Amino acid sequence: MENRQWMIDEILRMKKEKNAVILAHNYQIPEIQDIADFVGDSLGLSQVAGKTEADVIVFCGVHFMAETASIISPNKKVLIPDLEAGCSLASSITGEQVAEWKKQHPDAVVVSYINTTADVKAQSDYCVTSSNAVKVVEAIPADKKILFLPDKFLGSYAKTVTGRDMEIWDGACHVHEKIGNLELDKAKEKHPKAEILIHPECGCSTSCMVKSLQFGGDEDIKIFSTEGMINHVENSESDEFLIATEVGILHRMKKANPTKEFHPASEESVCEYMKMITLENLYSALKEEQYEVKVPEELAERAKLPIQRMLEIV
Ligand code: 13P
Ligand code: SF4
């Protein structure tokens with residue numbers, strides 16, 4: 001314990017000395033969330049990365065998030081404590097595959113989820129996050145066909161809400177895909193009074209949304225990004241919630257709302273990539289200034305355009 005406190009103090013000292021900022025995603029382990037300067041969703045983290053005055057950004061999240069920070073803030077040193085912290089969704093499509101898809105639909109507009117590599121972003125017209133996909137799609141001229149990638153659940157959610165002519169890539173996150181109808185139904189039986197909050201990457205998001213939006217079904221089912229969920233539980237009058245996303249988010253919810261009750265839709269919804277960031281490798285990242293994530297200048301310039309277009313809309 002003494003050693004842990006020493007490590008925390010050292011992280012804080014080095015952070016000051018190097019003018020660094022620690023950004024953490026909502027799925028990070030509690031220790032990392034607690035030491036971070038900012039905890040948020042993909043959108044919030046990229047906005048902070050774009051505005052920070054720090055010289056060094058230590059990104060406690062997955063690789064595409066650190067890459068996005070480097071694209072937005074090319075003059076900052078962006079560090080990720082473990083280079084192996086990847087994302088199954090971002091790995092489901094390459095830049096070459098996007099180029100090939102575009103050839104088949106030359107007049108279409110390419111909309112990419114932020115969970116993509118810089119190569120994929122560089123081939124895209126717009127980026128979206130889970131909190132703004134619908135808003136960005138709605139801002140695209142109505143006569144345009146849209147190629148949406150890579151998440152099929154977020155894509156079909158955006159397609160159902162907007163009614164747009166949309167082709168959707170067959171990609172999914174291995175954690176959220178498993179949160180399908182069955183598990184959710186079981187959890188609902190166990191906690192009948194709980195409000196149900198669902199991340200749009202979940203395997204059940206489209207069917208639940210169709211139920212709640214189109215058939216006047218269950219009004220207690222709501223689709224949110226991770227930050228949308230955090231805001232909702234804080235402002236809602238309900239005091240019990242069923243959370244369908246990665247379990248790391250429950251720490252922040254419980255901390256901010258100690259009198260409310262939170263249940264994960266599935267205890268098994270754990271992203272092993274997000275959990276690769278630890279206090280130990282955060283300490284080493286600051287001490288050794290490792291591992292730098294730097295997107296080559298020409299690629300970064302092309303990848304920045306769809307992110308900027310998104311940030312102008314939201
Ligand atoms: P958010 O943008 O909602 O934080 O989601 C990012 C992510 O990786 C979800 O799995
Ligand atoms: Fe990627 Fe899924 Fe992990 Fe999010 S939860 S970072 S989408 S693998």
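We count ligands from 1, going down the list as the structure has it; atoms in each ligand are counted the same way. Predicted, not measured: the structure shown is a model, and the values here were computed from it.
Using the six-membered ring where Trp is involved, H176 and Y27 have ring planes that are tilted, between 30° and 60° apart.
Atom CZ of F153 sits about 10.5 Å away from atom CG of L89, to the nearest 0.5 Å.
Listed by number with element, the atoms of ligand 1 under 4.0 angstrom from any heavy atom of S225 are 3 (O). Near E201, meaning under 4.0 Å from any of its heavy atoms, are these atoms of ligand 2: 7 (S). Heavy-atom contacts of D41 reach the following atoms of ligand 1: 1 (P), 2 (O), 4 (O) (cutoff under 4.0 Å). Shown in contact with S88 at under 4.0 Å from a heavy atom are these atoms of ligand 2, numbered in order with element: 8 (S).
Side chains of D119 and Q123: a donor-acceptor N/O pair is absent below 3.5 angstrom, by distance only. Of the N and O atoms on the side chains of H263 and E240, at least one donor lies less than 3.5 Å from an acceptor on the other residue. Side-chain contact, S284 with N281: no donor N or O sits under 3.5 Å from an acceptor N or O. There is no side-chain donor-acceptor pair under 3.5 Å between H199 and T245. In this model, no donor atom of one side chain and acceptor atom of the other lie less than 3.5 Å apart for N257 and E234. Side-chain contact, E195 with S236: a donor N or O sits under 3.5 Å from an acceptor N or O.
The protein non-hydrogen atom at the shortest distance from atom 1 (Fe) of ligand 2 is C87 SG, 2.4 Å. The nearest heavy-atom contact from the protein to atom 8 (O) of ligand 1 is N115 ND2, 3.2 Å. The nearest heavy-atom contact from the protein to atom 2 (Fe) of ligand 2 is C173 SG, 2.3 Å. Looking at atom 10 (O) of ligand 1, its nearest protein heavy atom turns out to be E201 OE1, 3.0 Å. Counting protein heavy atoms only, atom 5 (O) of ligand 1 is closest to H199 NE2, 3.3 Å. Of all protein heavy atoms, the one closest to atom 2 (O) of ligand 1 is S42 OG, 2.8 Å.
At a cut-off of 2.8 Å, H174 does not coordinate atom 2 (Fe) of ligand 2 through any N, O or S atom.
Residue contacts with ligand 1: Y27 is included, with a non-hydrogen atom under 4.0 Å away. Within the structure, the closest approach of M274 to ligand 1 does not fall below 4.0 Å when heavy atoms are considered. Within the structure, the closest approach of Y113 to ligand 1 falls below 4.0 Å when heavy atoms are considered. Ligand 1 lies within reach of H176, whose nearest heavy atom is under 4.0 Å from it.
For ligand 1, one of its N or O atoms has an N or O atom of S130 under 3.5 Å away. The shortest N or O to N or O distance between E227 and ligand 1 is not below 3.5 Å. Backbone and side-chain nitrogen or oxygen atoms of T129 are examined, and none is located within less than 3.5 angstrom of a nitrogen or oxygen of ligand 1.
Contacts of C271 with ligand 2, taken as heavy-atom pairs under 4.0 Å, involve the side chain alone.
A salt bridge links K77 with E289: the distance from a Lys NZ or Arg NE/NH1/NH2 to an Asp or Glu carboxylate oxygen falls below 4.0 Å. Salt bridge E10/K287: absent, no basic N to carboxylate O contact under 4.0 Å. Ionic pairing of E100 and K103 is present here: one or more N-O contacts between side-chain nitrogen and carboxylate oxygen are shorter than 4.0 angstrom.
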**Message:** Go through it in stages, so that I can follow the logic: the residues are K193 and E261, the test is salt bridge (charged side-chain N to carboxylate O under 4.0 Å, His left out), and I'd like the CA-CA distance, side-chain angles, deciding distance and then a yes or no.
**Reply:** CA-CA 11 Å; K193 288 204 188 111; E261 232 186 301; over 6 Å; no
